[in-house]
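Whatever order the structure lists ligands and atoms in, that order sets their numbers, starting from 1. Values reported hereafter were calculated over all heavy atoms of this structure, with side chains retained and with hydrogens, waters and symmetry mates removed.
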Amino acid sequence: MKHLHTHVATNPTHTRTKPRTHTRPFGRAGTATGNPFRTMRTPVHRATTRNLQAAYPFIVDSALGSHGVYVGRQAGSDASFVFDPWELYAQNVITNPNILLAGVIGRGKSALAKSVALRMTAFGVRVYVPGDPKGEWGEVARALGTEPIVLGRGLSARVNPLDPGERPQGLSSDEWQREVLARRNSLLASLAETALDRRLQPVERNALLVALTAITATSDLERGPAPVLPEIVAALMNPTDETAATLSMTARELALDSRNLALELRRLVVGDLAGLFDGPTTHQLDFNAPIQVLDTSRLAGDDTAIALLMTCASAWMETTLAADASGHDGASGRSGRRLVVYDEAWRMLRHLALVRRMQSQWKLSRALGVANLAVVHRISDLGAVGATGSEAVALAQGLLADCSTRIVYAQESDQVETTATALGLSDVEADQLVHLPRGRGLWRIGRHAAIVDHILGAAEWPVIDTDARMRGDHR
Ligand SMILES: Nc1ncnc2c1ncn2[C@@H]1O[C@H](COP(=O)(O)OP(=O)(O)O)[C@@H](O)[C@H]1O
Ligand SMILES: [Mg+2]
């Protein structure tokens with residue numbers, strides 16, 4: 001990954017400790033040139049750690065490096081704070097580029113995610129937002145010259161979570177066939193387990209697999225249309241004698257045993273949730289754009305339904321991304337670095353099956369240069385509320401371990417102990433959590449820590465300030 005940073009000049013005599021915030025209004029991104037970031041100036045700052053340490057010896061941690069996008073100032077000092085998860089990963093400061101951002105409502109989590117995303121696009125990072133339940137990333141997309149894909153009842157956009165994506169180079173047809181089958185199967189199983197609120201029975205698990213196999217057996221992954229959810233539901237409801245026979249059952253027995261599974265998946269095909277994920281994809285991702293946003297704010301339903309819909313949306317984007325990363329990057333010379341932002345991820349992460357799915361997704365994404373950023377309210381959103389030794393606890397710990405960078409914004413007092421234990425905070429650090437003001441976060445990067453005030457640039461305000469948009473004015 002070293003070559004990704006050659007555009008950042010090194011200047012060992014650089015002594016500036018004040019942020020250089022030469023923000024200009026965001027121009028329309030020049031996507032035609034493949035260099036969308038050229039037209040946009042965001043606050044970029046660099047200082048040698050030696051100088052920063054001289055300025056603030058007890059807080060500034062030289063291991064955190066001096067390359068990256070400017071985030072803000074270290075609290076109580078004049079020292080700038082910059083961040084680049086790929087660089088820190090390449091230097092073994094952290095073991096993965098993923099980020100967990102936790103904090104109560106309204107303290108500036110989304111503002112931080114948006115401004116870090118905006119600033120990163122200036123370095124050629126491409127940003128993907130697979131779910132935007134509050135519809136607040138559209139402005140960010142427009143500032144970078146792209147329109148969000150809006151999903152909602154009565155709208156034309158539809159995405160198929162069963163899309164296979166493109167065959168990665170180096171995979172044979174057979175291998176790929178198996179891979180796509182496994183991916184579809186695990187997505188459907190996660191959706192069903194979440195909807196049923198229990199693990200699938202062995203019969204149901206097998207029913208799903210044989211239904212999928214039956215539907216896709218004759219189709220050509222590369223040319224034929226991808227299967228759609230209604231076909232899966234129909235196959236589960238009316239298994240053929242042949243599929244049932246592979247499980248030594250009659251069609252009637254199999255249909256009965258997979259009935260609840262079929263009925264729960266049917267929610268995505270009829271009623272409130274219909275028309276969004278149950279047909280062929282209408283809008284493809286634009287890989288040349290600096291950012292792609294799937295606006296899910298028009299999706300209605302209960303909490304579980306929203307979590308299911310967000311999962312479908314992210315599954316689709318993740319598949320498409322994986323294909324792009326393996327298929328096109330080398331040839332086009334585009335930066336392979338991607339930031340995938342799961343804003344309001346707590347909705348998905350409250351469901352064990354979805355945590356499981358997300359964790360395996362993140363493991364895959366690391367090889368593709370993807371940094372995932374998940375925004376939650378509290379650490380316990382990861383499903384950590386479970387009996388000692390339970391799967392919930394193990395999963396929460398796993399996902400936490402998969403986020404080498406943890407940023408904690410203000411927490412409710414009843415969350416302080418859990419947070420401190422999970423992140424290994426000192427008493428002094430833990431005491432701060434309840435009182436952190438807007439925009440201030442405790443950053444744990446690998447073994448290192450810093451308290452950082454996120455500073456918004458003048459040009460970012462109109463794009464990021466959700467409060468102002470609600471008031472109908474701009475600062
Ligand atoms: N770093 C900051 N400095 C000043 N104001 C901020 C900052 N971050 C956020 N805000 C203000 O707080 C509001 C709410 O922030 P938001 O990011 O939507 O919170 P969250 O996502 O944590 O609920 C923003 O619209 C903005 O007006
Ligand atoms: Mg938010």
Any idea which atoms of ligand 1 are less than 4.0 Å away from a heavy-atom of Asp465?
24 (C), 25 (O), 26 (C), 27 (O)

Under 4.0 Å, heavy atoms only, figure out whether ligand 1 is touched by the backbone of Arg438, its side chain, both or neither.
side chain

Please name the pair of heavy atoms, one in Ala274 and one in Arg153, separated by the smallest distance, quoted to 0.1 Å.
O-NH1, 4.2 Å

Give yes or no for whether the N/O distance cutoff of 3.5 Å, strictly under, is met between Glu136 and ligand 1.
no

Is Lys114 paired with Glu139 through a side-chain N to carboxylate O contact shorter than 4.0 Å?
no

Counting only nitrogen or oxygen atoms and a 3.5 angstrom limit, does Gly106 reach ligand 1?
yes

Regarding ligand 1, does Lys134 bring an N or O atom to under 3.5 Å of one of the ligand's N or O atoms?
no

Closer than 4.0 angstrom, basic N to acidic O: yes or no for Asp278 and Arg158?
yes

His454 and ligand 1 - part of the residue with a heavy-atom distance under 4.0 Å
both

Taking NZ, NE, NH1 and NH2 as the nitrogens, is one of them in Asp343 or Lys134 under 4.0 Å from a carboxylate oxygen of the other?
no

Hey, are Arg440 and Asp453 close enough for a salt bridge, meaning a charged N less than 4.0 Å from a carboxylate O?
yes

Sidechain N-carboxylate O distance under 4.0 Å for Glu318, Arg183:
no

Any idea which atoms of ligand 1 are less than 4.0 Å away from a heavy-atom of Gly439?
1 (N)

Of all the atoms in ligand 1, which lie at a distance below 4.0 Å from a heavy atom belonging to Ile105?
23 (O)

Could you tell me if any non-hydrogen atom of Trp461 lies under 4.0 Å from any atom of ligand 1?
yes

Quick test of your reading of the model: are Glu412 and Arg378 salt-bridged, counting only N-O distances below 4.0 Å?
no

Does Ile455 reach ligand 1 with a nitrogen or oxygen that is under 3.5 Å from one of the ligand's nitrogen or oxygen atoms?
no

To atom 19 (O) of ligand 1, the nearest of Gly108, Ser110, Ala102 on a heavy-atom basis is Gly108

Other residues, nucleotides, ligands: >12 heavy atoms within 6.0 Å of Arg198 CZ
yes

Numbered in order shown, the ligand 1 atoms found under 4.0 Å of a heavy atom of Ala111 are 8 (N), 9 (C), 17 (O)

